[in-house]
Amino acid sequence: FVSKASSCLGEGSGATLVAVAAYGRELVFGRMGDSTAYILHDDGELTHVFGDDHGRNSAGGNALRTAIGYHVLQNGGQDSLQTARVPMHDGMKVLLCSDGVWDQLPAARIAELLFRNDDPRAAARGIVLEAAKAGGGRSDNATAVVIGVRRNEELGRQQTPWISAW
């Protein structure tokens, strides 16, 4: 079904993916395309999980190096999924976002918006609204999910000691 739908959409079609999962005392990230992830540490430092690579071709513009869709299917599913592992720390915040966010807002502004909002929903909303405003009506979307990492001492030994709040 995916192959048929993708072939109907044409050569330029595709989607990006960014995901995170808690595994023990680490966060495991994965992505394809130009959606990405940042971590705001409790000292206010913002780190791009995938280094300086934002998933686009060096030619610039919005051309993706990898995406889920037509090109992946045409290459037999051989496009690579980028992964990263980061130790969890109490008080850190995770931002998963589309290029409509990171392409419109400087990293310092993203850090400020994350730092000043303890409520993950309020932080995500503020980031999306400001990115959309900065985009000046561009057709690209702005999507953000913010996760606050907190240690929970009340959990039993069998359970993960971390809770992520959406």
Side-chain angles (χ1 to χ4, degrees), residues 14-57 60-69 81-166:
T16 67
L17 165 79
V18 62
V20 63
Y23 182 74
R25 296 183 182 269
E26 291 184 313
L27 293 173
V28 180
F29 294 85
R31 78 159 180 181
M32 287 185 80
D34 61 1
S35 291
T36 198
Y38 293 92
I39 292 176
L40 182 75
H41 303 275
D42 56 359
D43 64 359
E45 178 188 354
L46 187 71
T47 304
H48 184 227
V49 172
F50 299 99
D52 290 334
D53 178 13
H54 278 94
R56 289 197 180 149
N57 285 322
N62 285 337
L64 298 174
R65 188 175 54 249
T66 61
I68 300 167
L81 172 72
Q82 287 182 284
T83 60
R85 296 172 83 127
V86 176
M88 279 192 277
H89 299 286
D90 189 43
M92 70 191 308
K93 293 178 185 173
V94 176
L95 169 64
L96 306 178
C97 64
S98 66
D99 65 327
V101 169
W102 64 258
D103 199 29
Q104 296 301 317
L105 298 178
R109 184 63 181 144
I110 292 171
E112 182 182 339
L113 290 166
L114 285 169
F115 192 76
R116 75 174 188 196
N117 285 299
D118 287 332
D119 176 20
R121 287 184 183 144
R125 180 175 170 75
I127 288 168
V128 167
L129 290 174
E130 191 155 326
K133 184 178 174 183
R138 266 186 61 212
S139 62
D140 209 353
N141 69 59
T143 305
V145 174
V146 176
I147 303 162
V149 178
R150 302 285 181 258
R151 183 155 179 83
N152 187 340
E153 300 291 343
E154 297 178 14
L155 294 176
R157 294 182 71 187
Q158 303 293 318
Q159 296 170 302
T160 181
W162 302 94
I163 293 177
S164 297
W166 296 80

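Numbering of residues begins at 1 and proceeds along the displayed sequence. Model, not experiment: these values are computed from the prediction. Just the heavy atoms: all of them, side chains too, but no hydrogens, waters or symmetry mates, feed the values below.
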Checklist entry - In terms of ring plane angle, is the pair Tyr38 and His48 parallel, tilted or perpendicular, where the classes change at 30° and 60°? => result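 Judged by the thresholds at 30° and 60°, the geometry between Tyr38 and His48 is tilted.
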Roughly how far, to the nearest 0.5 Å, is the [atom2] atom of [Y] from the [atom1] atom of [X]?
X      : Y      : atom1 : atom2 : value
Leu46  : Leu95  : CG    : CG    : 8.0 Å
Gln104 : Glu130 : CD    : CD    : 11.0 Å
Leu27  : Met88  : CG    : CE    : 5.0 Å

Next on the checklist: Thr83: which residues meet the side chain to side chain donor-acceptor pair (under 3.5 Å) condition with it, sequence neighbours left out?
Outcome noted: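 Thr83 satisfies side chain to side chain donor-acceptor pair (under 3.5 Å) with no other residue.
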Identify the two heavy atoms, one from [X] and one from [Y], that lie closest to each other, and give their separation to 0.1 Å.
X      : Y      : answer
Gly44  : Ala111 : O-CB, 4.2 Å
Leu96  : Ala37  : CD2-CB, 3.7 Å
Val49  : Ala84  : CG1-CB, 3.6 Å
Ala144 : Ala124 : O-CB, 3.7 Å
Arg85  : Tyr23  : NH2-CD2, 3.5 Å

Checklist entry - side chain to side chain contact (heavy atoms under 4.5 Å, CB included) with Met92: which of Thr47, Leu40, Val86, Ile147? => result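 With Met92 as partner, side chain to side chain contact (heavy atoms under 4.5 Å, CB included) holds for just one option, Val86.
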Item to check | Stepwise side-chain contact (heavy atoms from CB on, under 4.5 Å) test for Cys97 and Thr36 | outcome: CA-CA 6 Å; Cys97 64; Thr36 198; 4.1 Å; yes
Item to check | Any residue meeting salt bridge (Lys or Arg N to Asp or Glu O under 4.0 Å) with Asp118, in chain and number order, not counting sequence neighbours | outcome: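 Asp118 satisfies salt bridge (Lys or Arg N to Asp or Glu O under 4.0 Å) with Lys93 once adjacent residues are dropped.
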Checklist entry - What pairs of residues pass the salt bridge (charged side-chain N to carboxylate O under 4.0 Å, His left out) test when at least one of them lies in residues 36-51, not counting sequence neighbours? => result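 Passing the test, one end in residues 36-51: no pairs.
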Item to check | Polar side-chain atom of Ser98 near backbone of Thr143 as donor-acceptor pair, under 3.5 Å | outcome: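 Checking the backbone N and O of Thr143 against the side chain of Ser98, a donor-acceptor pair under 3.5 Å is found.
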Checklist entry - Can you tell me if Trp102 uses its side chain to pair, donor with acceptor, with the backbone of Ile110 under 3.5 Å? => result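 Not a single qualifying donor-acceptor pair exists.
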Checklist entry - With sequence neighbours left out, what residues match Arg116 under side chain to side chain contact (heavy atoms under 4.5 Å, CB included)? => result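 So Arg116 forms a side chain to side chain contact (heavy atoms under 4.5 Å, CB included) with Arg109, Glu112, Leu113.
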Item to check | Ala123: partners by side chain to side chain contact (heavy atoms under 4.5 Å, CB included), with sequence neighbours left out | outcome: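 Checked Ala123 against side chain to side chain contact (heavy atoms under 4.5 Å, CB included); matches are Leu114, Asn117, Val146.
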Item to check | Arg31 versus Thr16, side-chain donor and acceptor atoms under 3.5 Å | outcome: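 The criterion, which ignores hydrogens and geometry beyond distance, is not satisfied for Arg31 and Thr16.
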